[in-house]
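The structure displayed is predicted, hence computed values, not measured ones.
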Amino acid sequence: MPFDEAGFLGDQIVEWARENYHKHKFVFDVGFELNKYAYVLRNSLTINSENGQQVISSTLFSRIHNGFQTTLVLYKMGLETEAKVILRTILEASFILKAVTNNEEEVVNFINTDKRKQKQLLEIILEKDNFNIYKDLKSSLNKEQLEQLKQEIKEEDIKDVKVYEWANRADMAVFYAFVYRILSSDVHTDIRVLEKYLVLDEEKQNVIGIDSLPNHVDIVRSLFTAYSIMIISLNCLNELFELQQDNILQAYEEKIMKVRE
């Protein structure tokens with residue numbers, strides 16, 4: 001079946017993905033190997049349920065690890081923009097993971113940011129729902145809950161922590177300044193991202209079609225970023241849970257550097 005009849009849900013994408021893997025075999029194989037090691041490490045964790053730092057960090061790592069695998073799958077299938085959207089998601093999660101690992105007090109800050117999000121959501125439902133979209137939810141909520149949240153936020157002086165602030169606290173400001181901002185154009189549907197879906201004539205003046213074919217643009221750079229995020233995250237677990245995996249992680253770092261060469 002031709003690709004333009006079923007796209008990424010047709011049979012042709014299977015052959016394309018196979019060819020894409022063989023074309024970038026070394027790059028993919030490094031990721032697959034790192035993924036297996038990540039499972040070994042996460043399965044070795046003994047999490048103390050009374051230790052908020054361990055609980056939050058392990059769940060953040062799980063989110064990052066799942067997103068890491070998703071990025072690999074999407075790039076193998078030629079879904080480049082979609083892969084970058086997930087890549088930015090796990091980069092943001094890695095900011096929080098590293099900040100929490102660096103400083104136990106950030107656990108409370110992370111939890112408290114959820115109170116502000118709860119307040120914003122309750123305000124939308126209870127105070128700003130002019131079209132009564134949330135009528136089914138309103139029966140289980142009341143303004144006392146909202147007022148209590150507002151009081152807690154005021155008394156505890158809870159402030160919203162922005163993404164760039166998490167990056168700074170994680171000592172990953174460079175990642176935010178360059179990688180995060182570049183990936184944001186794919187997340188927010190930047191006009192430059194949309195241009196790649198157009199097929200132009202030879203003079204690059206007229207649109208003659210829509211391009212929805214799979215591609216592997218930026219695959220090396222993007223997967224190198226994904227592998228770097230995973231190494232940072234694994235190092236967080238290694239430090240927090242005292243897993244003594246320094247030598248192995250160093251070896252993986254050296255292998256990942258070869259991806260960029």
Side-chain angles (χ1 to χ4, degrees), residues 24-49 51-76 83-107 109-110 163 166-180 183 218-261:
H24 303 96
K25 187 176 186 301
F26 175 75
V27 178
F28 277 115
D29 283 352
V30 170
F32 295 156
E33 184 180 345
L34 186 59
N35 178 57
K36 289 181 179 179
Y37 173 69
Y39 271 108
V40 171
L41 214 63
R42 66 186 282 180
N43 291 337
S44 71
L45 299 181
T46 301
I47 303 168
N48 180 358
S49 58
N51 187 319
Q53 194 177 23
Q54 289 188 2
V55 172
I56 295 296
S57 295
S58 58
T59 53
L60 281 167
F61 177 79
S62 184
R63 177 179 174 85
I64 293 166
H65 189 194
N66 287 350
F68 169 79
Q69 294 173 83
T70 304
T71 301
L72 276 166
V73 170
L74 290 174
Y75 250 116
K76 186 178 179 183
K84 288 180 176 178
V85 170
I86 300 298
L87 188 55
R88 199 196 78 154
T89 300
I90 65 173
L91 177 58
E92 183 175 329
S94 73
F95 294 157
I96 303 171
L97 172 58
K98 194 164 186 297
V100 167
T101 303
N102 290 349
N103 185 355
E104 188 176 1
E105 293 181 3
E106 298 296 356
V107 173
N109 292 330
F110 180 56
V163 176
W166 284 120
N168 289 338
R169 296 176 187 188
D171 300 320
M172 295 177 67
V174 173
F175 277 84
Y176 178 83
F178 295 99
V179 182
Y180 186 87
L183 292 173
D218 288 336
I219 186 171
V220 174
R221 181 167 57 182
S222 293
L223 290 184
F224 174 79
T225 300
Y227 301 167
S228 299
I229 293 170
M230 180 55 70
I231 284 294
I232 289 170
S233 302
L234 287 167
N235 271 305
C236 287
L237 290 189
N238 183 49
E239 177 184 339
L240 186 59
F241 289 90
E242 300 180 351
L243 301 175
Q244 300 181 342
Q245 297 287 301
D246 302 58
N247 292 338
I248 295 176
L249 286 167
Q250 179 61 40
Y252 274 111
E253 285 186 41
E254 293 171 0
K255 184 172 290 189
I256 287 169
M257 292 304 296
K258 294 179 182 178
V259 168
R260 198 172 58 173
E261 295 176 355

> Using the test salt bridge (Lys or Arg N to Asp or Glu O under 4.0 Å), find all partners of K36 that sit at least two apart in sequence or belong to another chain.
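Per chain and number, K36 pairs via salt bridge (Lys or Arg N to Asp or Glu O under 4.0 Å) with no residue.
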
> Suppose we screen for side-chain contact (heavy atoms from CB on, under 4.5 Å). Which residues come up paired with Q250, at least two apart in sequence or across chains?
E253, E254

> My understanding is that only residues two or more places apart in sequence, or in another chain, count here; which of them pass side-chain contact (heavy atoms from CB on, under 4.5 Å) with V163?
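Expected list: E92, F95, Y176, Y180.
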
> Mind checking side chain to side chain donor-acceptor pair (under 3.5 Å) for Y252 and listing every partner two or more places apart, or none if nothing turns up?
none

> State which residues pass side chain to side chain donor-acceptor pair (under 3.5 Å) with N35; sequence neighbours excluded, sorted by chain then number.
H65

> Can you list the residues that meet the side-chain contact (heavy atoms from CB on, under 4.5 Å) rule with T89, with sequence neighbours excluded?
R63

> Residues two or more places apart in sequence or in another chain: which of them pass salt bridge (Lys or Arg N to Asp or Glu O under 4.0 Å) with K98?
none

> Restricting to side chain to side chain donor-acceptor pair (under 3.5 Å), what partner residues turn up for Q69, sequence neighbours left out?
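With sequence neighbours excluded, Q69 shows a side chain to side chain donor-acceptor pair (under 3.5 Å) to Y39, given in chain and number order.
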
> Please name all residues satisfying side-chain contact (heavy atoms from CB on, under 4.5 Å) with S62, sequence neighbours left out, ordered by chain then number.
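Here the qualifying residues are R42, N66.
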
> Excluding sequence neighbours, so at least two apart, what forms side chain to side chain donor-acceptor pair (under 3.5 Å) with E33?
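Applying side chain to side chain donor-acceptor pair (under 3.5 Å) to E33 gives K255.
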
> Scan for ring pair (Phe, Tyr, Trp, His ring centres under 6.0 Å) pairs involving residues 219-244, sequence neighbours excluded, and state none if there are none.
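Counting only pairs at least two positions apart or across chains, the ring pair (Phe, Tyr, Trp, His ring centres under 6.0 Å) contacts touching residues 219-244 are F68-Y227.
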
> Scan residues 234-243 for pairs that pass salt bridge (charged side-chain N to carboxylate O under 4.0 Å, His left out), counting only residues two or more places apart or in two chains.
none

